[in-house]
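Given the structure is predicted, the values throughout are model-derived calculations rather than measurements. Along the sequence shown, residues are numbered consecutively beginning with 1. Note that these values count all heavy atoms, side chains included, but never hydrogens, waters or copies made by symmetry.
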Amino acid sequence: MKAVFIAYNQALTEKVEFILDRMKIRGYTRWNQVQGRGSEDGEPHMGTHTWPALNDTILTIVPDEKVKELMDTLRKLDSKTQMQGIRAYVWNVEDSL
């Protein structure tokens with residue numbers, strides 16, 4: 001199993017949840033109104049007057065065989081919505097309860 005952490009502009013919430021639903025990835029934890037800025041480009045998302053946008057994040061645990069499709073689908077979304085911003089990272093899950 002793999003942990004997939006997805007950080008994205010709040011404007012993409014419905015699209016990200018649609019992807020998870022379509023792939024039958026039911027379980028996740030979401031954090032709302034998260035601040036951040038990209039490491040290379042893009043505008044900061046700080047919820048301030050100057051930088052009003054905010055992010056949401058999702059952490060989901062998925063079977064190994066779903067990771068490639070999920071990441072490919074998120075990459076497609078990112079290519080269509082580059083101004084909003086979306087990033088995803090994958091970790092090994094060593095154990096779970």
**Request:** Tell me, with the steps shown, if Q35 and N55 meet side chain to side chain contact (heavy atoms under 4.5 Å, CB included).
**Result:** CA-CA 6 Å; Q35 299 174 344; N55 292 327; over 6 Å; no
**Audit row: K24, K66, side chain to side chain contact (heavy atoms under 4.5 Å, CB included) steps and yes/no** = CA-CA 10 Å; K24 297 185 179 7; K66 288 192 175 190; 4.0 Å; yes
**Item:** side chain to side chain contact (heavy atoms under 4.5 Å, CB included) between L77 and Y8, worked out
**Value:** CA-CA 11 Å; L77 176 59; Y8 53 91; over 6 Å; no
**Request:** Evaluate the side chain to side chain contact (heavy atoms under 4.5 Å, CB included) criterion for residues R37 and H45: first the C-alpha distance (whole Å), next the side-chain angles of each, then the deciding distance (0.1 Å), finally the verdict.
**Result:** CA-CA 6 Å; R37 65 180 182 184; H45 296 171; over 6 Å; no
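For the atom pair OG1 (T60) and CZ (F5), the distance works out to 12.5 Å, reported to the nearest 0.5 Å. N9 CG to R87 CZ: the interatomic distance, rounded to the nearest 0.5 Å, is 12.0 Å. Rounding to the nearest 0.5 angstrom, the gap separating the CG atom in D72 from the CD atom in E69 is 8.0 Å. Atom CG of L70 is separated from atom CZ of R22 by 10.0 Å, given to the nearest 0.5 angstrom. Between I86 atom CD1 and K76 atom NZ the span is 13.5 Å, to the nearest 0.5 Å. M71 CE to Y89 OH: the interatomic distance, rounded to the nearest 0.5 Å, is 9.0 Å.
Between the side chain of T57 and the main chain of I6, no donor-acceptor pair closer than 3.5 Å is present. No donor-acceptor pair closer than 3.5 Å links the side chain of T81 to the backbone N or O of Q84.
When the side chains of ILVMFWY residues are joined at heavy-atom separations under 4.5 Å, either directly or via intervening members, M23 and V67 end up in a single hydrophobic cluster.
When all heavy atoms of A3 and V93 are compared, the closest pair comes out as N-CG2, 3.4 Å. For the residue pair P52 and H49, the shortest heavy atom distance occurs at CD-O, 3.9 Å. When all heavy atoms of M1 and D64 are compared, the pair lying nearest together is N-OD1, 3.1 Å.
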Report, one line per pair, each donor and acceptor closer than 3.5 Å where one atom sits in a side chain of residues 11-20; sequence neighbours left out.
residue : atom : partner : partner atom : Å
T13     : OG1  : Q10     : O            : 2.9
T13     : OG1  : D56     : OD2          : 3.1
E17     : OE2  : Y28     : OH           : 3.2
E17     : OE2  : R30     : NH1          : 2.1

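For the pair R75 and D78, the salt-bridge criterion is not met [side-chain N within less than 4.0 Å of a carboxylate O].
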